[in-house]
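The structure follows.
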Amino acid sequence: MTPPIVLIADLRHYEGQTVTVRGWLYDRTDKGKLQFLKVRDGSGIAQAVAFQKELPEATFNALRTLPQESSLIVTGTVRADSRAPGFPGGYEIGITAAEIIQVADAYPITPKEHGIEFLMDHRHLWVRSSRQWAILRIRATIISAIRNWLDDHGYLLVDTPIITPTAGESTTELFEVKYFDDVAYLTQTGQLYNEANMMSFGKVYCFGPTFRSEKSKTRRHLTEFWMVEPEMAFFSLEDLMEMEEQFVSAIVQRVLEKHRMELSILGRDTAPLERVVPPFPRISYDEAVELLNKLAAEASDPAQQAALRITWGNDFGAPHETALAQQFDRPVFIYHYPTAVKAFYMQPVAGRPEVCRSVDLLAPEGYGEITGGSERVHDRALLEERIAQLGLNREHYAWYLDLRRFGSVPHAGFGLGLERTVAWICGLPHVREAIPYPRMLKRTYP
RNA sequence: UCCGGAGUAGCUCAAUGGCAGAGCGGGCGGCUGUUAACCGCUAGGUUGUAGGUUCGAGUCCUACCUCCGGAGCCA
């Protein structure tokens, strides 16, 4: 009888049985007449043990010289052994037969340490490493948690275009593309289209790649990143914060349910993630400025004092966000930012137009802004005034202004940066590991 | 764009202005319970590029290139 082909993740269900596993050689320890092979198959990593006297000489010798990442099919008996390494581990395969598919060339990524440039140049191979494997599995779960939560709560996925005629927000950070005899731009947000779609479906979201040609070189920036943007009719800023905290908590809790193993591979302390449940603290921009200046006054280091001190009206920098987030044990909302530092479509606060109905959500542990959103201006005259004030080309926004002519309603929405969320939940030092093939200022390869 | 740092073997790094080295990886050999195994042998170099100083430069000087970290900007 042909043994069943099984996944390493399911090995524990086959104790005592003979099974076949198909995959790649992750690592090998040669002990002479005994060899330990770590085999990975996409679902996990398991140890397979080869004894010289239990195998044909040709098979044993072939395994003995097999390089890392060679592809192979092994058949053997599953046994429980607490010494067996791997993910999930605890079970190993006593090899009775093996077939080598391809003998790999010398594999560049060894079990020792490597520099980031080397790893990024070999990203197409690096994705096989257990740490990257864990991150990308969690990323996939975060994506499905985002979609499932929105789908289950009455939001309709409505795709927005990637090639756009004009800027969504600012003009400096657009990637220009040749569009026949004209120019067009890669999208930096689906929001304006979301506002049109929201008028048809009530609650909508778009979820796709966005592009920013910012010359940013920090651990929080990519030039191509994924963003989910919900937009809701008849939503106030308070409705928005309530929705966001439910949404973000659900994503984090879903990862905790499904990925204890991956989080442990990453060495992620899960205690801060366990605390991500509603309600999240809410502080106004005014309060945040006051808090930062108080922290600056209390700081002993002069450099720290300078980094934290802030004048009302300025936007927060990375050190400000980190310091603010450190004051709380879960994500914190900062609302009512100065109108001048935010986009033209954000609704001014009634009776206090110098601040607007905007809200950012700062992740804990120094991961910074993971969402940014607002109530939108729904009055046509005010929107026209804002467009004129900022010197934007009114013609480009004709269709957007139409939305204020035909049944305009108060509404709100936000964008959540996928890679920053993945980096935060996984505890990564840099967003470049949070996406399979990062696009950055200095990298488009591979 | 600005500030700082680094470019030496396939990788990670040493080397006082005086013979360019180690560990890992590769190759050969040994080892029946390894967890980044261990032991022996072995091959492997235009020291980022171009100039300069010097009897002599990986090391000092100038320019450039590349990457990394941070800032600004942002999700």
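Proteins get letters first, then strands, A, B, ... in listed order; numbering begins at 1 in each. Atoms considered below: every heavy atom in the structure, side chains included; atoms not considered: hydrogens, waters and symmetry mates. Being a predicted model, the structure only gives us computed values, none of them experimental.
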Inset, instruction - Kindly compute the distance separating CD1 (A/Ile142) from CD (A/Glu419), expressed to the nearest 0.5 Å. - result: 10.0 Å
Inset, instruction - Taking only the side-chain heavy atoms of A/Lys31 (C-beta and beyond), determine which of B/C11, B/G33, B/C24 contains the nearest atom. - result: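 Looking only at heavy atoms from C-beta outward on A/Lys31, the closest nucleotide is B/G33.
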Legend entry - Complementary nucleotide of B/G40, counting Watson-Crick and G-U pairs under 3.5 Å: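 B/G40 is paired with B/C28.
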Inset, instruction - Begin from the C-alpha positions of A/Gln191 and A/Tyr345 and carry the test side-chain hydrogen bond (donor to acceptor under 3.5 Å, both in side chains) through to its verdict. - result: CA-CA 10 Å; A/Gln191 192 216 307; A/Tyr345 49 71; 2.7 Å; yes
Inset, instruction - Could you tell me whether a side-chain N or O of A/Glu69 sits under 3.5 Å from a main-chain N or O of A/Trp24, the two making a donor and an acceptor? - result: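 Looks like no, no N/O pair under 3.5 Å.
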Legend entry - Span that lies between the P atom of B/G4 and that of B/U8, in whole angstrom: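 Taking atom P in both B/U8 and B/G4, they lie 22 Å apart.
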Inset, instruction - Would you mind telling me which of B/U34, B/A71, B/A75 lies closest to the side-chain atoms of A/Pro85? - result: B/U34
Inset, instruction - Would you mind telling me which of B/A75, B/A71, B/U12 lies closest to the side-chain atoms of A/Lys217? - result: B/A71
Inset, instruction - Just call it for A/Phe225: base, sugar-phosphate, or nothing, with non-hydrogen atoms closer than 4.0 Å on any strand. - result: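 Base contact.
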Inset, instruction - With C1' as the reference atom in both, quote the distance from B/G44 to B/G25 in angstrom, rounded to an integer. - result: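 One C1' to the other, the span is 11 Å.
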Legend entry - Close side-chain approach of A/Phe344 to A/Ile387, heavy-atom, < 4.5 Å: yes
Inset, instruction - Scan every strand shown for a Watson-Crick or G-U wobble partner of B/C2, both distances under 3.5 Å, and answer none if you come up empty. - result: B/G70
Inset, instruction - Verify the stacking flag for A/Phe36 against B/G33: centroid separation must be under 5.5 angstrom and the ring planes must differ by under 30 degrees. - result: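 Stacking is absent between B/G33 and A/Phe36, given that the ring centres and planes do not meet under 5.5 Å and under 30°.
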Inset, instruction - Would you mind telling me which of B/A71, B/G33, B/G69 lies closest to the side-chain atoms of A/His430? - result: B/G69
Inset, instruction - Could you state the atom-to-atom distance from CZ of A/Arg443 to P of B/G69 in whole Å? - result: 11 Å
Inset, instruction - Confirm from the modelled atom types if A/Ser216 and B/C73 form a donor-acceptor pair under 3.5 Å, side chain to base only. - result: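 Present.
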Inset, instruction - Check each of A/Thr75, A/Thr77, A/Val49, A/Leu55 against A/Ile95 using the side chain to side chain contact (heavy atoms under 4.5 Å, CB included) test, and report the only one that passes. - result: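 For A/Ile95, the side chain to side chain contact (heavy atoms under 4.5 Å, CB included) test succeeds with only one of A/Thr75, A/Thr77, A/Val49, A/Leu55, which is A/Leu55.
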Legend entry - Nucleotide opposite B/G17 in a Watson-Crick or G-U pair, distances under 3.5 Å: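 Check on B/G17: unpaired, no WC or wobble geometry under 3.5 Å.
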Legend entry - Closest listed nucleotide, where the reference is the side chain of A/Arg219 and the choices are B/U34, B/G26, B/G69: B/G69
Legend entry - Along RNA chain B (nearest heavy atom to each residue), the more 5'-positioned of A/Leu34 and A/Pro319: A/Leu34
Inset, instruction - Would you tell me if any nitrogen or oxygen in the side chain of A/Arg83 comes within less than 4.0 Å of OP1 or OP2 on B/U32? - result: no
Legend entry - Closest listed nucleotide, where the reference is the side chain of A/Thr29 and the choices are B/G33, B/A71, B/U34: B/U34
Legend entry - Approximate separation, where rounding is to 0.5 Å, of A/Tyr445 OH and A/His122 NE2: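 Nearest 0.5 Å value for the OH-NE2 distance: 7.5 Å.
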Inset, instruction - Output the single nucleotide from B/G33, B/G25, B/C68 whose closest atom is nearest the side chain of A/Thr110. - result: B/G25
Inset, instruction - Mark yes or no: A/Arg420 above the aromatic ring of A/Trp424, with NZ or CZ under 6.0 Å from the six-membered ring centre and no more than 45 degrees from the axis. - result: no
Legend entry - C1' atoms of B/A36 and B/C11, separation to the nearest Å: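 Looking at atom C1' only, B/A36 and B/C11 are 14 Å apart.
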Inset, instruction - Counting heavy atoms from C-beta on, name the nucleotide in B/C31, B/A71, B/C68 closest to the side chain of A/Arg64. - result: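 Looking only at side-chain atoms, A/Arg64 lies closest to B/C31.
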Legend entry - Integer angstrom distance from the P of B/G5 to that of B/C60: 13 Å
Inset, instruction - Remember a base hit wins even if backbone is also touched, and classify A/Leu222 as base, sugar-phosphate or nothing at under 4.0 Å, heavy atoms. - result: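 Base contact.
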Inset, instruction - For B/U66 and B/U49, measure between their C1' atoms and round to the nearest Å. - result: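 One C1' to the other, the span is 10 Å.
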Inset, instruction - Verify side-chain contact (heavy atoms from CB on, under 4.5 Å) between A/Phe316 and A/Asp360, making sure each step is shown before the conclusion. - result: CA-CA 11 Å; A/Phe316 301 129; A/Asp360 286 355; over 6 Å; no
Legend entry - C1' spacing across the pair B/A15 / B/A20, given as an integer number of angstrom: 7 Å
Legend entry - Spacing of A/Ile116 atom CD1 relative to B/A6 atom C1', expressed in whole Å: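 Result: 15 Å.
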Inset, instruction - Report yes or no: is there a donor-acceptor pair, N or O only, under 3.5 Å between the side chain of A/Gln35 and the base of B/U32? - result: no
Inset, instruction - Quote, to the nearest angstrom, the P distance that separates B/C67 from B/G72. - result: 22 Å
Legend entry - Identity of whatever pairs with B/U62 - Watson-Crick or G-U, under 3.5 angstrom: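 Base-paired to B/A50.
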Inset, instruction - Could you check whether A/Asp30 gets within reach of a base, just the sugar-phosphate, or nothing at all, counting any heavy atom under 4.0 Å? - result: base
Legend entry - Sugar-phosphate only, base, or nothing, as touched by A/Gly317 at under 4.0 Å among non-hydrogen atoms: sugar-phosphate
Inset, instruction - Please report, rounded to the nearest Å, how far the P atom of B/A75 is from the CD atom of A/Glu224. - result: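 Answer to the nearest Å: 17 Å.
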Inset, instruction - May I ask you to say what A/Gly86 touches in the nucleic acid, namely base, sugar-phosphate or nothing, with a heavy-atom cut-off under 4.0 Å? - result: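 Since no nucleic acid heavy atom lies under 4.0 Å of A/Gly86, the category is nothing.
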Legend entry - Under-3.5 Å donor-acceptor pair between A/Asp315 side chain and B/C74 base: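 A donor-acceptor contact between them is absent.
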Inset, instruction - May I ask you to decide if the ring planes of A/Phe280 and A/Phe333 are parallel, tilted or perpendicular, using 30° and 60° as cut-offs? - result: tilted
Legend entry - Spacing of the C1' atoms in B/C24 and B/C38 (rounded, Å): 14 Å
Inset, instruction - Go through the N and O atoms of the side chain of A/His114 and the base of B/C11, and report whether any donor-acceptor pair is under 3.5 Å. - result: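 Between B/C11 and A/His114, which were checked side chain against base, a qualifying N/O pair under 3.5 Å is absent.
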Inset, instruction - Send over the distance from A/Ile265 CD1 to B/U35 C1', rounded to a whole Å. - result: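 Whole-Å distance recorded here is 15 Å.
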Inset, instruction - Would you classify A/Arg79 as touching base, sugar-phosphate or nothing, given that sugar-phosphate means primed atoms plus P, OP1 and OP2, and contacts are heavy atoms under 4.0 Å? - result: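 Base, at least one base atom sits under 4.0 Å.
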Inset, instruction - Respond yes when some side-chain nitrogen or oxygen of A/Lys215 is under 4.0 Å from OP1 or OP2 of B/G72, and no when none is. - result: no
Legend entry - Nearest-nucleotide pick for A/Glu214, side chain only, options being B/C67, B/C73, B/A71: B/C73
Inset, instruction - Rounded to the nearest angstrom, tell me the gap between atom CD in A/Glu54 and atom C1' in B/G33. - result: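 Computing the A/Glu54:CD to B/G33:C1' distance gives 13 Å.
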Inset, instruction - For A/Thr371, report the nucleic acid contact type (base, sugar-phosphate, nothing); a contact means any heavy atom under 4.0 Å. - result: sugar-phosphate
Legend entry - Rounded distance (Å) that lies between atom P of B/C24 and atom CZ of A/Phe118: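 Interatomic distance, CZ of A/Phe118 to P of B/C24: 17 Å.
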Legend entry - Interatomic distance, A/His221 NE2 vs B/G72 P [rounded to whole Å]: 10 Å
Legend entry - Nearest-angstrom distance from the residue atom CG of A/Leu441 to P of B/C74: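 Interatomic distance, CG of A/Leu441 to P of B/C74: 17 Å.
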Legend entry - Residue whose nearest RNA chain B nucleotide is more 5′ - A/Met440 or A/Gly415: A/Met440
Inset, instruction - Counting heavy atoms from C-beta on, name the nucleotide in B/C68, B/C74, B/U12 closest to the side chain of A/Lys442. - result: B/C68
